[in-house]
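See below for the structure under consideration.
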Amino acid sequence: QVQLVESGGGSVQAGGSLRLSCKASEGTYTYNRKYVAWFRQAPGKQREGVASLYTHDGDTYLADSVKGRFAISQDNAKNTVYLQMESLKPEDTGMYYCAAGYTPSSNPWYSERRYNYWGQGTQVTVSS
């Protein structure tokens with residue numbers, strides 16, 4: 001059973017920074033071929049993909065709305081994926097979820113259907 005635990009959320013003013021962490025616990029075996037993504041959901045809105053990373057080769061994907069401000073990276077030794085968020089805006093406010101996909105999928109990286117496991121989320125609030 002896979003467990004994903006997010007951390008690093010909080011409240012910041014516009015222009016500030018946060019770094020979110022997603023640690024995967026996979027039992028006795030660490031899977032080095034998986035997609036790990038960050039999604040967010042603002043109140044009253046649908047959940048949207050923010051960034052994704054393929055752990056095998058480090059390929060990354062970012063939503064247009066965060067390009068130039070956010071970066072996704074990994075620490076293989078810690079089995080952890082990070083989302084570094086800079087120049088935060090009030091519209092970045094929401095619950096941020098980590099998701100991991102272990103099976104081949106034709107769904108794009110920003111589709112929730114690509115991912116098999118989800119974390120509980122961490123809240124990010126950006127005030128103006």
Side-chain angles (χ1 to χ4, degrees):
Q1 184 70 14
V2 175
Q3 288 188 325
L4 303 175
V5 178
E6 304 102 329
S7 61
S11 297
V12 296
Q13 290 191 327
S17 303
L18 284 172
R19 188 177 80 157
L20 306 183
S21 300
C22 172
K23 182 170 177 58
S25 298
E26 298 162 330
T28 57
Y29 183 75
T30 297
Y31 296 86
N32 63 358
R33 293 175 182 259
K34 58 183 178 280
Y35 283 90
V36 180
W38 288 96
F39 285 76
R40 67 185 179 190
Q41 187 168 22
K45 294 188 176 182
Q46 285 190 329
R47 192 154 55 181
E48 62 173 351
V50 175
S52 184
L53 178 149
Y54 184 46
T55 60
H56 179 60
D57 58 15
D59 273 356
T60 61
Y61 309 86
L62 292 168
D64 288 344
S65 59
V66 304
K67 283 180 180 176
R69 301 188 299 121
F70 290 13
I72 186 169
S73 61
Q74 62 178 331
D75 184 330
N76 288 334
K78 297 180 179 180
N79 207 14
T80 299
V81 170
Y82 302 99
L83 183 68
Q84 180 68 43
M85 305 186 294
E86 307 281 350
S87 302
L88 283 161
K89 304 175 181 180
E91 50 265 42
D92 294 318
T93 293
M95 185 69 79
Y96 282 67
Y97 298 91
C98 176
Y102 291 79
T103 54
S105 173
S106 60
N107 293 302
W109 71 266
Y110 49 84
S111 170
E112 294 185 39
R113 288 177 289 184
R114 188 179 190 92
Y115 304 95
N116 312 110
Y117 297 93
W118 293 80
Q120 294 298 307
T122 185
Q123 178 68 35
V124 171
T125 303
V126 184
S127 58
S128 57

Legend entry - Taking every non-hydrogen atom, the tightest pair across S17 and V12: O-CG1, 3.9 Å
Inset, instruction - Among residues two or more places apart or on two chains, list those pairs meeting salt bridge (Lys or Arg N to Asp or Glu O under 4.0 Å) that have a residue in residues 95-118. - result: R47-E112
Legend entry - Joint cluster assignment, Y97 & V66, ILVMFWY side-chain distance < 4.5 Å: no
Legend entry - Verify same cluster id: L20, W118 (apolar side-chain graph, 4.5 Å): no
Inset, instruction - Can you establish whether the number of heavy atoms outside Q41 located under 6.0 Å from its atom CD is more than 12? - result: yes
Legend entry - Pair D92-K89, salt bridge (Lys or Arg N to Asp or Glu O under 4.0 Å): steps then yes or no: CA-CA 5 Å; D92 294 318; K89 304 175 181 180; over 6 Å; no
Legend entry - Other residues, nucleotides, ligands: >12 heavy atoms within 6.0 Å of Y110 OH: no
Inset, instruction - Find out if a path of hydrophobic residues (ILVMFWY) with successive side-chain heavy-atom gaps under 4.5 Å connects L4 to Y82. - result: no
Inset, instruction - Supply the atom-to-atom distance H56 NE2 to Y35 OH, rounded to the nearest 0.5 angstrom. - result: 10.5 Å
Inset, instruction - May I ask you to check whether over 12 heavy atoms, not counting those of E48, lie within 6.0 Å of atom CD? - result: yes
Inset, instruction - Mind telling me whether Y117 and Y102 have parallel, tilted or perpendicular rings, with 30° and 60° as the class edges? - result: perpendicular
Legend entry - Closest contact, heavy atoms only, L62 versus A51: CD2-CB, 3.4 Å
Legend entry - Validation row: C98, W38 side chains within 4.5 angstrom (heavy atoms): yes
Inset, instruction - Would you indicate whether E86, at its atom CD, is surrounded by more than 12 heavy atoms from other residues, nucleotides or ligands within a distance under 6.0 Å? - result: yes
Legend entry - Nearest non-hydrogen partners of S128 and P90, listed with the distance: CB-CG, 3.9 Å
Legend entry - Under the salt bridge (charged side-chain N to carboxylate O under 4.0 Å, His left out) test, residues paired with E26 that sit two or more places apart: K34
Inset, instruction - Could you tell me whether the side chain of T93 and the main chain of V126 form a donor-acceptor pair under 3.5 Å? - result: yes
Inset, instruction - Enter the distance from L83:CG to S52:OG here, rounded to the nearest 0.5 Å. - result: 11.0 Å
Legend entry - Side chain proximity check, M85 to V50, heavy atoms < 4.5 angstrom: no
Legend entry - Any donor-acceptor N/O pair, Y115 side chain to W109 backbone, under 3.5 Å: yes
What side-chain donor-acceptor pairs closer than 3.5 Å can you find for residues 70-77, not counting sequence neighbours?
from : atom 1 : to  : atom 2 : distance (Å)
Q74  : NE2    : T55 : O      : 3.3
D75  : OD1    : A77 : N      : 3.1
D75  : OD1    : K78 : N      : 3.3

Inset, instruction - State whether the side chain of E6 and the backbone N or O of G121 hold a donor-acceptor pair below 3.5 Å, judged by distance alone. - result: yes
Inset, instruction - State, yes or no, whether a side-chain contact exists between T122 and S7 at a heavy-atom distance under 4.5 Å. - result: no
Legend entry - Evaluation steps, side chain to side chain contact (heavy atoms under 4.5 Å, CB included), between M95 and F39: CA-CA 8 Å; M95 185 69 79; F39 285 76; over 6 Å; no
Inset, instruction - Heavy atoms only: give me the nearest R69-S87 pair and the separation to one decimal. - result: NH1-O, 3.0 Å
